[in-house]
Amino acid sequence: MPVELITEEIPDLDRFGHEEAWRLGNALLKACWRNALPVVVCVHLGEQRVFHAGLPGSSADNDRWAERKTRIVQHFGEPSLEVWRRHVGDGDPMAFLAAFALPPERYFPAGGAVPIRVHGTMVGVVAVSGLESHEDHDLATAALRTLAAEEGL
């Protein structure tokens, strides 16, 4: 049975720079704050982390998870949840990481990190960590869709 891809739910933007990164991170942070979600929110522009916040109930472990998921997106160019579905599924994530020579302390294919694309080119990553993988993924993709709709990007 073919794997259903999830990239079509992620918008392709017309532009994305520091200002848009701040708006994206801040809007996501506010939504999570309103709902008392114990998450970490990170936005990377290229290799630079340009936005980072940890809400009450989150921890340094969530910081590390967000970074590990972000590196998966940077390596594979697709959402971390899609990497999990496509390459791990019901299998062994450690075997997957070993097959790609990716150290598990720096990489992990759990949902919650999503590429930010401008005209098809990946320019950054938005990551959420603190909830179940699919919930982290849903928060990140919803924030990107909202940014695209509100900003006309």
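The basis for the numbers below is simple: all heavy atoms, side chains too, and nothing from hydrogens, waters or symmetry mates.
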Arg23 vs Glu150, salt bridge (charged side-chain N to carboxylate O under 4.0 Å, His left out): CA-CA, chis, key distance, verdict: CA-CA 11 Å; Arg23 281 190 260 154; Glu150 288 178 355; over 6 Å; no

All side chain to side chain contact (heavy atoms under 4.5 Å, CB included) counterparts of Pro38, not counting sequence neighbours: Leu131

By side chain to side chain contact (heavy atoms under 4.5 Å, CB included) - contacts of Glu105 (at least two apart): Pro103

Where at least one partner belongs to residues 38-49, residue pairs that pass salt bridge (charged side-chain N to carboxylate O under 4.0 Å, His left out), sequence neighbours excluded: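 Salt bridge (charged side-chain N to carboxylate O under 4.0 Å, His left out) check on residues 38-49 returns Arg49-Glu67.
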
Pair listing, salt bridge (charged side-chain N to carboxylate O under 4.0 Å, His left out) test, anchored in residues 118-146, at least two apart: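 Found Lys69-Asp136.
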
Shortest non-hydrogen contact from [X] to [Y]?
| X | Y | answer |
| --- | --- | --- |
| Glu9 | His137 | OE2-NE2, 2.8 Å |
| Gly130 | Asn62 | CA-ND2, 3.3 Å |
| His134 | Leu81 | CA-CD2, 4.3 Å |
| Ala140 | Gly112 | CB-O, 3.9 Å |
| Met122 | Pro115 | SD-CB, 3.5 Å |
| Leu55 | Ser58 | O-OG, 2.6 Å |

Cluster link [X] to [Y], ILVMFWY, side chain under 4.5 Å:
| X | Y | result |
| --- | --- | --- |
| Met94 | Trp65 | yes |
| Ile10 | Phe16 | yes |
| Leu28 | Val125 | no |
| Leu144 | Ile72 | no |
| Leu29 | Ile116 | yes |

Full working for side chain to side chain contact (heavy atoms under 4.5 Å, CB included) between Leu139 and Cys32: CA-CA 9 Å; Leu139 284 168; Cys32 293; 4.1 Å; yes

Residue list, salt bridge (charged side-chain N to carboxylate O under 4.0 Å, His left out) with Asp63, at least two apart or on another chain: none

Just by distance, do the side chain of [X] and the backbone of [Y] share a donor-acceptor pair under 3.5 Å?
| X | Y | answer |
| --- | --- | --- |
| Arg106 | Arg68 | no |
| Arg71 | Tyr107 | no |
| Asp12 | His119 | yes |
| Ser80 | Val73 | no |

Residue pair Ser133 / Trp84, side-chain heavy-atom distance below 4.5 Å: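 SC-SC contact between Ser133 and Trp84 ruled out.
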
Flag side-chain contact, heavy atom, 4.5 Å: Leu102 against Pro104: no

Glu82/Arg85 salt bridge by N-O under 4.0 Å criterion: no

Summary of ring-ring contact (aromatic ring centres under 6.0 Å, His included) pairs that have at least one residue in residues 32-53, sequence neighbours excluded: Trp22-Phe51

Criterion side-chain contact (heavy atoms from CB on, under 4.5 Å) against Leu24, the qualifying member of Leu147, Leu13, Val41: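 The side-chain contact (heavy atoms from CB on, under 4.5 Å) with Leu24 is passed solely by Leu147 among Leu147, Leu13, Val41.
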
Aromatic ring pairing Phe76/Phe100, orientation class (parallel under 30°, perpendicular over 60°, tilted between): perpendicular

